[in-house]
Every structure is written in C-alpha cells, then in structure tokens.
Peer 1: 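Take this structure, written in structure tokens, and hold onto it; I'll ask about it next.
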Amino acid sequence: MIEMSEVYKTYPNGVLAINGINIKINQGEFTYVVGPSGAGKSTFIKMMYREEKPTSGEIVINGVDLSKLKESKVPFLRRSIGVVFQDFKLLPKLTVFENVAFALEVIGENPRSIKKRVLDVLDLVQLKHKARAFPNELSGGEQQRVSLARSIVNNPGVMIADEPTGNLDPDTSWEIMHLFEEINNRGTTIVMATHNKEIVNTLKKRVIAIEDGKIVRDEPRGEYGIYV
Ligand code: ADP
Ligand code: ADP
C-alpha cells in the first residue's frame with residue numbers, strides 16, 4: 001500500500017511542485033496519474049521511490065515510513081519498487097540478459113537462480129531470444145520490454161512508471177500496456193504517469209489528476225480529461 005498524508009514539496013529554487021497531497025493506493029491497484037505538463041506528476045511519483053524527498057508530510061510505502069528511512073536503507077526500498085521510464089535507461093554496454101540480471105547480482109543471488117529468474121522474466125516479455133543482444137540492437141518497444149523485465153525481476157510489490165509509452169508508436173504502446181496489465185493481474189500495484197489519452201480512456205483504471213501540485217480528481221475507472 002502507498003499512503004501520502006499532507007505532502008508538500010518545494011524544490012531548492014523555490015518552486016512549489018506538490019501542494020498538500022493526501023492519497024491512499026491499495027495493494028494490487030492500477031492507477032494512472034494525469035495532468036498538464038508541470039503539474040507535479042513526476043515529482044509525485046519520484047517521492048514514492050525516494051528519488052525526491054517531500055519538504056513536509058508523510059509517505060508510507062508497504063509499511064515503511066520514508067521520512068524515517070535511513071539513507072543506507074534506500075537500496076532495500078528500491079528493490080521492493082520496480083521503476084520504468086520513458087527513455088528506458090538500459091545500460092548500453094550490457095546485454096539484455098545482463099541488464100536484467102544486474103539487480104539480482106548486486107544482492108548476491110546465486111548464478112543458477114539468477115539465470116532461471118532472468119530467463120523467466122525475459123520469457124514473460126517475449127524476449128528470451130534476444131538475451132545476447134545489446135540495447136542498441138533492439139527497437140524502442142523491445143527496449144521498453146527489457147526495462148519492464150528488469151523492473152519486475154526482484155518481484156516488487158509496486159511498479160512505478162513515468163510515461164512508459166511516451167517514446168513508442170501506438171501499436172507498441174498497446175503491447176507494453178498489455179504487459180503492465182499482466183503484471184498487475186499477478187498482484188503488483190501499478191502507478192503510471194501518462195499523457196496517453198487513448199490508453200487511459202480505453203483501458204479503464206483509477207485516474208488521479210494533478211494540477212498545480214494538487215489532486216483535483218480521483219476516480220475509479222476515470223477519464224483522461226482535457227489537457228494539452
Ligand atoms: P510533471 O511531471 O507533471 O510535468 P514535474 O513534477 O516534473 O511535473 O514538475 C512540477 C514543477 O516542479 C514544475 O514547475 C517543474 O518545473 C518543477 N520542477 C521539477 N523538477 C524540478 C527540479 N529538480 N528543480 C526545480 N524545479 C523542478
Ligand atoms: P533455454 O534453456 O531456454 O534454451 P538458454 O539457457 O539457452 O535457455 O538461454 C537463453 C538465452 O539466455 C541464450 O541466448 C543465452 O545466451 C542467454 N543466457 C543464458 N545464461 C546467460 C548468462 N549467464 N549470461 C548471459 N546470457 C545468458
């Protein structure tokens with residue numbers, strides 16, 4: 001579960017990006033975060049995996065109060081949260097297999113279980129046959145599938161995605177969305193900031209709309225709304 005109470009965030013330059021947010025997202029929910037550019041969507045989700053800290057207020061992720069989380073424990077939090085970005089952020093010098101295995105190697109898993117787990121998640125995203133390829137040999141959609149595989153390899157309870165279809169064509173975007181649905185169907189909570197109106201209005205989920213750092217709308221099976 002993700003819970004925010006009275007959360008405010010002012011950046012060092014004085015910009016008030018989050019202006020009093022209260023929200024509860026239950027385990028297993030699939031939630032879109034929508035709103036105009038600059039509304040605070042990225043800041044909202046970055047605070048969930050401690051990429052940004054709130055100026056005040058409380059954020060609790062799976063029972064862990066992030067304000068009380070020691071810096072040394074942040075890597076443990078990150079392991080319980082998969083993160084997917086618009087620009088994939090794969091390591092260019094590592095193969096597909098190695099990009100996905102990396103997260104398991106740093107926690108000292110044994111090589112046999114790493115191999116099994118990596119091939120299992122590559123199978124899920126239908127890229128087992130590209131295990132030896134390098135990211136620059138893959139299409140955008142394939143790279144995003146690798147990044148999804150990487151984000152779930154640790155079996156996280158929560159997945160955070162910031163515009164995961166922002167660099168993809170419509171057909172490829174739908175393929176990626178179906179993978180997110182499959183991951184969600186296995187019980188993983190998904191929080192996804194998106195500007196993809198067609199997807200939000202077709203694949204109906206909870207919609208949280210943010211404007212000027214505030215939640216202005218929160219609807220189960222909501223609509224995208226009117227944003228440019
Ligand atoms: P969105 O994701 O909805 O486009 P952001 O969370 O990126 O919104 O930005 C919210 C506000 O905070 C904007 O005014 C943006 O310019 C500002 N902002 C975002 N990141 C930073 C930062 N690192 N330093 C200063 N201001 C920032
Ligand atoms: P299968 O048992 O399904 O045939 P393989 O063991 O042949 O699977 O592996 C599938 C792909 O994963 C192959 O392309 C292989 O090169 C790659 N692979 C397997 N283990 C590793 C590893 N430890 N490091 C890098 N690539 C690996």
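Both counts, for ligands and for their atoms, begin at 1 and track the order of listing.
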Peer 1: Which residues pass the side chain to side chain contact (heavy atoms under 4.5 Å, CB included) test with Asp87, sequence neighbours left out?
Peer 2: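 Asp87 satisfies side chain to side chain contact (heavy atoms under 4.5 Å, CB included) with Phe85, Lys89, Asn167 only.
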
Peer 1: In order of chain and number, which residues sit within 4.0 Å of ligand 1 by heavy atom?
Peer 2: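 Residues Tyr11, Asn13, Val15, Ala17, Pro36, Ser37, Gly38, Ala39, Gly40, Lys41, Ser42, Thr43 each place a heavy atom under 4.0 Å from ligand 1, listed by chain and number.
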
Peer 1: State whether Glu109 and Lys116 are salt-bridged, where the test is any N-O pair (Lys NZ or Arg NE/NH1/NH2 against Asp/Glu carboxylate O) under 4.0 Å.
Peer 2: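 The answer is no: the pair does not qualify as a salt bridge.
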
Peer 1: Can we say Arg217 and Glu223 salt-bridge, meaning some charged N sits less than 4.0 Å from an Asp/Glu carboxylate O?
Peer 2: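 Glu223 and Arg217: not salt-bridged.
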
Peer 1: Can you list the residues that meet the side chain to side chain contact (heavy atoms under 4.5 Å, CB included) rule with Arg186, with sequence neighbours excluded?
Peer 2: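 Testing Arg186 for side chain to side chain contact (heavy atoms under 4.5 Å, CB included), a comparison that skips the adjacent residues, returns Leu124, Glu182.
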
Peer 1: Restricting to pairs with a member in residues 12-36, which pass ring-ring contact (aromatic ring centres under 6.0 Å, His included), not counting sequence neighbours?
Peer 2: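 Residue pairs with at least one partner in residues 12-36: Phe30-Tyr32.
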
Peer 1: So that I can tick it off, tell me whether Glu71 and Arg50 are bridged by a salt bridge, with the cut-off set at under 4.0 angstrom between side-chain N and carboxylate O.
Peer 2: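 Yes, Arg50 and Glu71 are salt-bridged.
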
